[in-house]
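Here is how names work: the chains are called A, B, and so on, in the same order as the sequence lines, proteins then strands, and each is numbered from 1.
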There are 2 protein chains.
Amino acid sequence: MGTQSPEEVLQEYLRERGMLMTPQRKTLLQLFLEEPKHFSAEEFYERVKQVDDSIGQATVYRTLKLFTESGLAETLDFGDGRTRYERRLGREHHDHLICIRCRDSIEIRAPEIERLQEEVAGRHGYELTDHALYLYGICPKCRGKE
Amino acid sequence: MGTQSPEEVLQEYLRERGMLMTPQRKTLLQLFLEEPKHFSAEEFYERVKQVDDSIGQATVYRTLKLFTESGLAETLDFGDGRTRYERRLGREHHDHLICIRCRDSIEIRAPEIERLQEEVAGRHGYELTDHALYLYGICPKCRGKE
DNA sequence: ATAGGTGCAAAAGCTTTGCTATTTG
DNA sequence: CAAATAGCAAAGCTTTTGCACCTAT
């Protein structure tokens, strides 16, 4: 069945379009899989340099895009001007609830909302392919400090 | 009661913080209110130049931010790297359904989803202040061309 | 008079791209 | 060996900022 490891997914994605597996891509994939919940390209680049400082910034950007296109990663937009990345393959879908005070964020799962989204899209004749839901608010800790 | 025109809202916002009403701000407000559903700062700047080409780009950016802070405008993020603006005051809240093929978008209203968002946030102890929901899909026209 | 605003051009911040040398299969 | 990739540095795009001059109250 369709349960493939991230490595296999990437390999297949590359092979299908005549692209190559390189040491850089291997290294970046491994580091990507170890990353915490989400991170910016710049943050990832910093991490990468600690492991192999011969890998260039452009490669990091290009590879994160590759991961996204191959379904391994997904991009997030927290509204601060930079793209964030997060592991997608093998993880359950979720949205984000972000504290506007401390910038902390938590992952939320809300199947009821997902279902309603499908319904609303269908109502307008659209076939839903993706969605992004960001909830902004004040977290319990920050509310306590008011 | 609290039904104020955009002009009044801006005036009050400015007065409260010792800011001034200027000819530029008047012109930009008028043009902003005439704009179609949503637009980028650059698009707005192009429009502004047609009316008064002495108004600088920096003023346009600064003023759009002012409109946003004063509640007249809200920002949208369609994921293409630039901020879009849209009239907020006096308009009903809505989200966006965007076609990934032709980039066309429509406004959607889904009170059920809004309510569930409140509930989910509350479940995590958050006080919801804002949210952004973008649905991406393929519109009826583009589906017909498949 | 004086805080605040504007225009201009430069700077900043993130991301992409052109080019040449290397590497993969 | 041919096609694809990496690294580097430069360029690109959107947005912000420093500064000298101007203006609303």
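- Counting only heavy atoms from C-beta on, A:E42 has its side chain closest to C:dT15 among C:dT15, D:dC8, D:dT17.
- To the nearest angstrom, C1' of C:dT6 lies 15 Å from CG of B:D53.
- In this structure, the nucleotide among C:dT17, C:dT15, D:dT14 sitting nearest to the side chain of B:R82 is D:dT14.
- Taking atom OH of residue A:Y13 and atom P of nucleotide D:dA4, one finds them 14 Å apart after rounding to whole Å.
- With values rounded to the nearest 0.5 angstrom, A:L29 atom CG is found 6.0 Å from A:L10 atom CG.
- Comparing B:M21 and A:R25 by the nucleotide of DNA chain D whose heavy atom lies nearest to each, the residue mapping closer to the 5' end is A:R25.
- Between D:dT16 and B:K65, a contact under 4.0 Å exists linking OP1 or OP2 to a side-chain N or O.
- Between A:E16 atom CD and D:dA3 atom P there is a gap of 21 Å when expressed in whole angstrom units.
- Using a cut-off of 4.0 Å between Lys/Arg side-chain N and Asp/Glu carboxylate O, B:E42 and B:R82 are scored as not salt-bridged.
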Legend entry - Steps toward salt bridge (Lys or Arg N to Asp or Glu O under 4.0 Å) verdict (A:R88, A:E86): CA-CA 6 Å; A:R88 175 180 194 158; A:E86 167 171 287; over 6 Å; no
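- The side chain of A:L20 has D:dA4 as its nearest neighbour among D:dG7, D:dA4, D:dT14.
- Rounded to an integer number of Å, the gap from CZ of A:F78 to C1' of C:dC14 is 17 Å.
- With distances taken from any side-chain atom of B:M19 to the nucleotides C:dT17, C:dG4, D:dT15, the minimum falls on C:dG4.
- Each of B:G18 and B:Y45 has a nearest nucleotide on DNA chain C; the 5'-most of these lies closest to B:G18.
- B:I55 places its CD1 atom 18 Å from the P atom of D:dC22, with the value rounded to the nearest Å.
- Regarding B:F39, its CZ atom lies at a distance of 16 Å from the P atom of D:dT14, rounded to whole Å.
- Phosphate proximity of D:dA9 to A:Q57: absent, as no side-chain N or O sits under 4.0 Å from OP1 or OP2.
- Nearest-nucleotide mapping onto DNA chain D: of B:D80 and B:R62, the residue sitting toward the 5' end is B:D80.
- Taking the ring axis of B:Y61 as reference, the NZ or CZ atom of B:K65 does not stay both within 45° of it and closer than 6.0 Å to the ring centre.
- Across the protein-nucleic acid pair, A:E43 atom CD and C:dC14 atom C1' stand 13 Å apart, rounded to whole Å.
- Residue A:R15 places no side-chain atom within donor-acceptor reach of the base of C:dG25, judged by atom type and a 3.5 Å distance cut-off alone.
- Applying the 4.0 Å criterion to OP1 and OP2 of D:dA6, one finds that A:S54 has every side-chain N and O outside that range.
- Residue B:R17 places no side-chain atom within donor-acceptor reach of the base of C:dG4, judged by atom type and a 3.5 Å distance cut-off alone.
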Legend entry - Derivation of the salt bridge (Lys or Arg N to Asp or Glu O under 4.0 Å) call for A:E46 and A:K49: CA-CA 5 Å; A:E46 287 308 313; A:K49 279 195 293 193; 3.4 Å; yes
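- Side-chain nitrogen and oxygen atoms of A:Y61 include at least one within less than 4.0 Å of the OP1 or OP2 phosphate oxygen of C:dT15.
- In this structure, B:F67 has its ring center closer than 6.0 angstrom to the ring center of B:F32.
- When distances run from any side-chain atom of A:Q24 to the nucleotides C:dG7, D:dA6, C:dT15, the shortest one goes to D:dA6.
- Separating the CZ atom of B:F44 from the P atom of D:dT14 is a distance of 17 Å, rounded to the nearest angstrom.
- Between B:T22 and the phosphate of C:dG5, there is no side-chain N or O to OP1/OP2 separation shorter than 4.0 Å.
- The residue A:S40 sits apart from the nucleic acid: no heavy atom pair falls under 4.0 Å.
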